[in-house]
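Below is one structure, written out as structure tokens, with a few remarks after it.
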Amino acid sequence: MQTIDGSKLIQEVTLNDLKNSVNNSITFSACVHKLRNMSGFSFVILRTGRYLLQSVYKASECAGEFTALCEGAYVEITGIVKEEVRANYGYEITLSSFTVLSAPEAEYPLHVSSKKLGCSIETSMEHRSIALRHPEQKAVFKISEGVVSAFRKFMLEQNFTEIHTPKIVSAGAEGGANIFKLKYFDKDAYLAQSPQFYKQTCVAFFDRVFEIAPVYRAEKHNSTRHLNEYIGLDFEMAFINDMHDIMAMETAMLKYMINYLEENYGHELHMLNAKLPIIKSIPSVTFFEALDLLGKSHNQFDLDPTDEIKLCAYAAEHFDSEFIFVEKFPGLKRPFYAMDSKDDPKLAESFDLLFRGLEITTGGQRIHDYNEQIAKLKKYNIEPDELGAYIDIHRYGMPPHGGLGIGLERVVMKLLGLSNIREASLFPRDIHHLDP
């Protein structure tokens, strides 16, 4: 019988480990990424969860047969760390021994060890578990990790409470046909389009909440900018004066995120040749001001993709900003929980944030008054009884509040200059992909 106290953990090798082991022996596990035979020795490039490390095999110095190694084999190696300016990160390991922990049965169907993966996105999707072994493919999702980590750290520092809300729901927060229906025992249920109802519920007792979780939309899009399942970064906050408090919170969060990525993910940013935006402040225009800038009539109620590209170009030229807020959209194109503008009830206290030609955020002030919410539902021909507990939160009192939702994959796509949102999703879900 034995007990486990957690005091001894297997650690993944880091660059600090190499730095601290110069001229000494080190042991760690990795995958053989590439083999390069030279005259009298061979390079064995080792792939860890984050790095490619250069090691050298010499038959006279290593207890192990080189023929036992192949690309894709998982090994435990022991070797002497040397400083080497020509090697990745300035370190090289002279192998003294290795053990093959696991060997592949077949060769990779993709060029994982090449500098570029060099295949179409459809081929990458078909062999997703292989494509993701390529260093650049992996780096995209380290950046995704950084965006999520920065969002969470910022929210917690601003005294938001992290919540986890149901993804199987009895009614859709956004309404309409873009909702996945499923059978829940003997009842009809749906996959959540948004945590909206739950976020609003929670501000009544937490004041400030955020969530990082999947969002489901049943639109039959086949574009480079849409997914049917994506990760939403949502927050909701109470005691706001108006929607500009939400916009200010997002601006501060984005500044924090960019700094966090620069400080903690320089390796991946360099590998992907990513250029992060500089954020001082973010300009804002109303929806109809935007239409005027675009030279379009006022008889439309939303922006199309071309409009978003042009508005971002305008912001870059006139405000030196890669972001631009568009606020006060026509109310009929916004959800029933969006507060009507006091200046013009036909407009909603709602905004989008555009970044490098793409909408990444929708947010705004919500209705908190019970009677105002009931009246808005009647305008939308929605029976209050259909929304059950959602109406109760208004009946029993709500603070002035608002919030937003950010699409993680869209943010990562634009930060890294990717051409297709599927490149920013580990295992994309769209009308063509349900596997793997």
Side-chain angles (χ1 to χ4, degrees), residues 109-110 116-132 134 136-141 143-144 147 167-169 172-182 189-196 212-234 272 294 296 300-313 326 329 333-335 352-362 404-436:
L110 302 176
K116 297 291 182 182
L117 189 57
C119 67
S120 69
I121 189 166
E122 280 306 316
T123 300
S124 175
M125 295 301 110
E126 181 182 355
H127 300 287
R128 198 64 179 144
S129 66
I130 307 304
L132 290 168
H134 190 276
E136 288 189 358
Q137 299 284 309
K138 287 198 306 175
V140 170
F141 299 99
I143 297 299
S144 181
V147 170
K167 301 305 160 214
I168 301 175
V169 297
E174 312 298 333
N178 61 338
I179 184 168
F180 287 108
K181 187 176 181 179
L182 56 88
Y190 307 90
L191 293 179
Q193 300 162 294
S194 161
Q196 188 61 42
I212 304 165
V215 176
Y216 301 91
R217 299 293 171 95
E219 296 113 330
K220 293 183 178 180
H221 290 300
N222 187 24
S223 77
T224 60
R225 49 192 271 147
H226 291 96
L227 292 170
N228 294 110
E229 178 186 62
Y230 64 90
I231 300 300
L233 310 179
D234 279 84
L272 297 168
L294 295 165
K296 304 184 80 166
Q300 70 180 76
F301 299 98
D302 207 347
L303 300 173
D304 62 37
T306 302
D307 295 335
E308 294 173 359
I309 293 170
K310 290 180 178 178
L311 286 171
C312 285
V326 181
F329 279 78
K333 288 296 182 179
R334 294 282 141 157
D352 285 352
L353 178 62
L354 313 181
F355 172 45
R356 292 180 177 171
L358 182 66
E359 172 211 315
I360 61 167
T361 297
T362 295
L404 55 74
I406 303 170
L408 171 63
E409 290 85 352
R410 287 192 171 196
V411 172
V412 173
M413 174 187 176
K414 286 301 175 180
L415 283 173
L416 301 181
L418 305 177
S419 60
N420 193 311
I421 196 168
R422 290 159 186 79
E423 297 177 78
S425 175
L426 265 176
F427 302 103
R429 291 294 174 260
D430 56 33
I431 60 173
H432 297 301
H433 296 101
L434 190 58
D435 183 71

Here the pair of heavy atoms bringing Phe180 nearest to Tyr216 is CD1-CB, 4.0 Å
Apply salt bridge (charged side-chain N to carboxylate O under 4.0 Å, His left out) to the pair Lys310 and Asp304, showing each step before the final yes or no. CA-CA 10 Å; Lys310 290 180 178 178; Asp304 62 37; over 6 Å; no
Test item: Tyr230 and Arg217 side chains (from C-beta on) under 4.5 Å apart, heavy atoms: yes
Compare all side-chain heavy atoms of Leu408 with those of Val147 and state whether any distance is below 4.5 angstrom. yes
Could you pull out all residues at least two apart from Asp430 that satisfy side chain to side chain donor-acceptor pair (under 3.5 Å)? Arg422, His433
Nearest 0.5 Å please: distance from the CG atom of Leu354 over to the OG1 atom of Thr361. 9.0 Å
At what distance, to the nearest 0.5 angstrom, does CD1 of Ile231 lie from CD of Glu409? 5.5 Å
Just verifying a value: how many Å separate Asp307 CG and Glu359 CD, rounded to the nearest 0.5 Å? 12.0 Å
As an exercise, state the distance from CZ of Arg410 to CZ of Phe355, rounded to the nearest 0.5 Å. 13.0 Å
Set of residues satisfying side chain to side chain donor-acceptor pair (under 3.5 Å) with respect to Arg334, sequence neighbours excluded: Ser350, Asp352
Is any side-chain heavy atom of Thr362 closer than 4.5 Å to a side-chain heavy atom of Leu404? no
Does anything in residues 220-230 form a salt bridge (Lys or Arg N to Asp or Glu O under 4.0 Å)? List the pairs, not counting sequence neighbours. Arg225-Glu308
The reported gap from CD in Gln137 to CG in Leu272 (rounded to nearest 0.5 angstrom) is 9.0 Å
For the student: nearest non-hydrogen atoms of Ile179 and Ala218, plus distance: N-CB, 3.4 Å
Would you say the side chain of Tyr190 lies within less than 4.5 Å of the side chain of Leu182, judging by non-hydrogen atoms? no
Which atoms form the tightest heavy-atom contact between Ile212 and Leu233, and what is the distance? CG2-CD2, 3.6 Å
His226: what forms a ring-ring contact (aromatic ring centres under 6.0 Å, His included) with it, not counting sequence neighbours? His221
Within a strict 4.5 Å, meaning less than it, do heavy atoms of the Glu136 and Leu117 side chains meet? no
Testing the basics here: between Pro428 and Leu227, what is the closest heavy-atom pair and its distance to 0.1 Å? CB-CD2, 4.1 Å
Spacing of Ser425 atom OG and Leu418 atom CG [to the nearest 0.5 Å]: 11.5 Å
Verify the distance criterion only: is there a donor paired with an acceptor across the side chains of Asn228 and Glu219 at less than 3.5 Å? no
Do you know the tightest heavy-atom contact between Cys119 and Ser124? SG-N, 3.9 Å
For the residue pair Pro436 and Phe427, what are the closest heavy atoms and their distance? O-CB, 3.7 Å
Side chains of Asn178 and Gln193: closer than 4.5 Å at any heavy-atom pair? yes
Is there a side-chain contact between Arg356 and Cys312 in this structure, where contact means two heavy atoms from C-beta onward sitting under 4.5 Å apart? no
Run the salt-bridge test on Asp435 and Arg128 with the 4.0 Å N-O cut-off and return the result as yes or no. no
List the steps and the verdict of side-chain contact (heavy atoms from CB on, under 4.5 Å) for Glu423 and Ile121. CA-CA 8 Å; Glu423 297 177 78; Ile121 189 166; 3.8 Å; yes
Can you name the residues that form a side chain to side chain donor-acceptor pair (under 3.5 Å) with Lys333, not counting sequence neighbours? none
Close side-chain approach of Leu132 and Phe141, heavy atoms under 4.5 Å: yes
Tell me, please, which residues at least two apart from Thr224 pass side chain to side chain donor-acceptor pair (under 3.5 Å). none
